[in-house]
Amino acid sequence: MAKASPGVGNESWRVLEFYSGIGGMRYSLMKSGANAEVVEAFEINDRANDVYQHNFGHRPFQGNIQSLTATDLDGYGADAWLLSPPCQPYTRQGLQKDTGDARAFSFLQILELMPLLKHPPSMLFVENVVGFETSDTHATMIEILEKTNFITQEFILSPLQFGIPYSRPRYFCLAKRRPSSFVEERWNNMLIQSPRPLFEHEDLVPDEDVSSQKDWDKLLQSCQPIEQFLELKNPSNDTDVESASLHTDFLGDLKHDVREYDEEVPNKASLDQYSVPLGLIERWGSAMDIVYSDSKRCCCFTKSYYRYVKGTGSLLATVQLEKKDKTSLKELRLRYFTPREVANLHSFPEDFQFPQHINLRQRYALLGNSLSIAVVAPILRYLFTDPL
């Protein structure tokens with residue numbers, strides 16, 4: 001058995017949230033049920049801070065994290081640091097410059113301050129892309145954590161393992177400073193690709209590591225269908241709908257389905273903004289990841305989703321014909337997932353909103369940089385739980 005314990009007595013854990021973005025980490029902390037409060041958030045992106053302030057009533061510190069000193073960090077008296085540093089230095093699409101990338105400097109600076117702190121945090125959480133675990137930055141992080149008396153457990157997990165039809169595998173590092181320990185100490189200093197340790201003491205225990213295609217196929221069957229995450233419903237599932245009037249009917253249905261139209265569609269732009277242009281279909285159709293409302297998987301949405309269609313996220317077919325393999329892509333009436341739908345797949349709560357001045361492209365970009373609350377919440381619950 002285990003219990004979630006506060007920092008001191010009945011006081012809550014004091015948390016610093018670095019690279020806070022639009023608040024995915026804070027929502028995860030809230031959903032985790034941990035007795036914890038964010039005493040400060042840090043984010044340099046002005047638009048992200050607008051969204052964060054809109055939803056939480058607090059604007060993150062917007063200065064350069066590299067300007068922080070050990071004295072500054074000690075002054076917060078934080079028990080835990082939650083960090084989601086820029087992933088571009090480690091992505092396959094990027095230059096993979098690792099520690100040589102300027103976007104990695106602030107994270108390295110934070111790590112290097114750790115041995116200088118008079119009151120270092122008791123817990124650390126780091127989220128990044130798959131590939132980070134083989135980087136020089138990762139090696140530096142582990143070296144510093146070991147020198148400052150931390151023990152670690154590392155995970156690579158995807159929302160698919162939590163029943164969400166969203167393929168977004170991510171790397172996570174959990175660290176606790178001795179004498180604190182994890183509930184499952186047998187996983188210390190290991191890289192784990194199963195969520196089992198997170199649920200070891202609960203009735204629902206997910207499957208073990210899914211490494212083979214057969215395992216993944218079985219996992220996908222346990223996911224919810226994409227239709228459960230849509231706000232714009234398909235107008236028809238008829239297999240013989242091919243009329244030219246379909247597109248008009250589709251847009252008409254969307255007008256009835258969009259909630260809070262003025263807010264969700266900035267400047268009252270026409271709803272056909274979600275339709276994929278025919279020019280892009282003709283050019284990149286063979287490279288598109290096309291899914292249907294009954295699909296149980298879609299690809300990771302990136303910050304470039306609304307600018308490009310190749311390798312940036314799935315597109316939704318609004319018409320489902322009987323012979324999918326013989327259907328012209330144009331007949332599928334492809335559209336982008338809306339920002340609210342992407343937020344749903346990230347498991348953001350229903351009351352999450354964008355300020356009206358954040359335009360459509362900015363919304364997609366900000367969501368593309370966010371994290372999966374369905375995955376991070378149980379990880380944080382596990383991190384903040386001490387063994388009895």
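The side-chain heavy atoms of M190 and E154, taken from C-beta on, include no pair separated by under 4.5 Å. The shortest side-chain heavy-atom distance between M123 and F150 does not fall under the 4.5 Å cut-off. With contacts defined as side-chain heavy-atom distances shorter than 4.5 Å, the pair I164/F229 qualifies. In this structure, Y336 and L316 have side chains that are not in contact, with every pair of non-hydrogen atoms separated by 4.5 Å or more. In this structure, the side chains of D74 and T71 stay at 4.5 Å or more apart for every pair of heavy atoms. When side chains are defined from C-beta on, L174 counts as touching I379, because their heavy atoms get closer than 4.5 Å. Using a 4.5 Å heavy-atom threshold, the side chains of T137 and F132 count as touching. The shortest distance between side-chain heavy atoms of I144 and P115 falls below 4.5 Å.
The backbone N or O of G33 sits nowhere less than 3.5 Å from a side-chain atom of R381 that would complete a donor-acceptor pair. Not a single donor-acceptor pair under 3.5 Å links the side chain of S314 to the backbone N or O of V291. Not a single donor-acceptor pair under 3.5 Å links the side chain of R14 to the backbone N or O of A78. Of the possible polar contacts, one joining the T338 side chain to the E341 backbone as a donor-acceptor pair under 3.5 Å is found. A donor-acceptor pair under 3.5 Å links the side-chain atoms of S67 to the main chain of N64, judged by distance alone. The main-chain N or O of P225 is never found under 3.5 Å from a side-chain atom of Q228 such that the two would form a donor-acceptor pair. The backbone N or O of E143 lies less than 3.5 Å from no partner atom in the side chain of E146, so there is not a single donor-acceptor pair.
Between the side chains of Y19 and S106, at least one donor N or O sits under 3.5 Å from an acceptor N or O. The closest side-chain donor-acceptor pair between T69 and D72 falls under 3.5 angstrom. Looking only at atom types and distance, the side chain of N128 has no donor-acceptor partner in the side chain of E133 under 3.5 Å away.
A distance of 9.5 Å separates CZ of F354 from CG of L360, quoted to the nearest 0.5 Å. Note that CD of Q66 is 10.0 Å distant from CD of E112, once rounded to the nearest 0.5 Å. Atom CD1 in I290 sits 10.5 Å away from atom OG in S295 (nearest 0.5 Å). Once rounded to the nearest 0.5 Å, the distance linking CD1 of I22 with CG of L366 reads 6.0 Å. Here CD1 of I281 is found 14.0 Å from CZ of R283. Values are rounded to the nearest 0.5 Å. The OG atom of S20 lies 9.5 Å from the CG atom of N45; values are rounded to the nearest 0.5 Å.
Shortest non-hydrogen contact noted between S181 and I151 is CA-CD1, 4.1 Å. Closest non-hydrogen pair, R340 versus P349, comes out as NH2-O, 3.2 Å. Scanning both residues, F162 and P378, for their nearest heavy atoms gives CE2-CG, 3.6 Å. Scanning both residues, G24 and S370, for their nearest heavy atoms gives CA-OG, 4.2 Å. Closest approach of C223 to K296, counting heavy atoms only: O-CD, 3.2 Å. Nearest heavy atom pair, residue L329 against residue G285, reads CD1-CA, 3.4 Å.
For E350, the side-chain contact (heavy atoms from CB on, under 4.5 Å) criterion is met by no residue, not counting sequence neighbours. A search for side-chain contact (heavy atoms from CB on, under 4.5 Å) contacts involving E40 returns L16, F42, H58, F61, Y76, not counting sequence neighbours.
Taking the six-membered ring where the residue is Trp, Y52 and F56 present tilted rings, their angle falling between 30° and 60°. Relative ring orientation between Y364 and Y305 is described as perpendicular, the plane-to-plane angle rising above 60° on a 0-90° scale split at 30° and 60°. Between H138 and Y171, the ring planes are perpendicular. Angles over 60° get that label, and only those under 30° would be called parallel. Between F348 and F352, the ring planes lie tilted relative to each other; the angle falls in the 30° to 60° range.
Note on I44 and L367: separate hydrophobic clusters, where clusters join Ile, Leu, Val, Met, Phe, Trp and Tyr whose side-chain heavy atoms are under 4.5 Å apart, directly or indirectly. Linking ILVMFWY side-chain heavy atoms closer than 4.5 Å, directly or via other members, places M141 and I156 in a single hydrophobic cluster. In terms of hydrophobic clustering, with Ile, Leu, Val, Met, Phe, Trp and Tyr side chains grouped at heavy-atom distances under 4.5 Å, Y308 and F301 are assigned to different clusters. Residues L83 and V130 share a single hydrophobic cluster, defined by chaining ILVMFWY side chains whose heavy atoms lie under 4.5 Å apart. In the hydrophobic clustering of this structure, I65 groups with M114; members are Ile, Leu, Val, Met, Phe, Trp, Tyr whose side-chain heavy atoms approach within less than 4.5 Å, directly or through other members.
Two rings, from F199 and Y382, have their centers 6.0 Å or more apart. Centroid-to-centroid, the aromatic rings of F125 and F384 stay 6.0 Å apart or farther.
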field: Test salt bridge (Lys or Arg N to Asp or Glu O under 4.0 Å) applied to R196 and E184, step by step
entry: CA-CA 10 Å; R196 177 175 288 273; E184 293 295 334; over 6 Å; no
- request: Please test L371 against M25 for side chain to side chain contact (heavy atoms under 4.5 Å, CB included), starting from the C-alpha separation and ending with a verdict.
  value: CA-CA 7 Å; L371 48 75; M25 190 77 79; 3.9 Å; yes
- request: Please report the C-alpha distance between R170 and E127 in whole Å, then the side-chain angles of each, then the deciding distance to 0.1 Å, and finally whether the salt bridge (Lys or Arg N to Asp or Glu O under 4.0 Å) criterion is met.
  value: CA-CA 7 Å; R170 284 297 185 270; E127 180 266 356; 3.7 Å; yes
task: Check the pair D294 / Q320 against side chain to side chain contact (heavy atoms under 4.5 Å, CB included), numbers first and verdict last.
output: CA-CA 10 Å; D294 60 354; Q320 187 162 328; 3.2 Å; yes
message: Apply side chain to side chain contact (heavy atoms under 4.5 Å, CB included) to residues T152 and C173 and explain how you reach the verdict.
response: CA-CA 7 Å; T152 62; C173 176; 4.3 Å; yes
message: Let's go through N189 and Q153 carefully: what are the C-alpha distance in whole Å and the side-chain angles of both, what is the deciding distance for side-chain hydrogen bond (donor to acceptor under 3.5 Å, both in side chains) to 0.1 Å, and is it a yes or a no?
response: CA-CA 5 Å; N189 305 314; Q153 294 185 5; over 6 Å; no
message: With salt bridge (Lys or Arg N to Asp or Glu O under 4.0 Å) as the criterion, how do D79 and R177 come out once you've worked through the C-alpha distance, each side chain's angles and the decisive distance to 0.1 Å?
response: CA-CA 10 Å; D79 303 296; R177 187 163 54 89; over 6 Å; no
task: Step by step, work out the side-chain hydrogen bond (donor to acceptor under 3.5 Å, both in side chains) result for E231 and N344.
output: CA-CA 9 Å; E231 66 166 345; N344 290 343; over 6 Å; no
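With W81 as the fixed residue, the side chain to side chain contact (heavy atoms under 4.5 Å, CB included) test singles out one of I110, V15, V126: I110.
Screening residues 42-66 for salt bridge (charged side-chain N to carboxylate O under 4.0 Å, His left out), with sequence neighbours left out, gives D46-R59, R47-D50, D50-R59.
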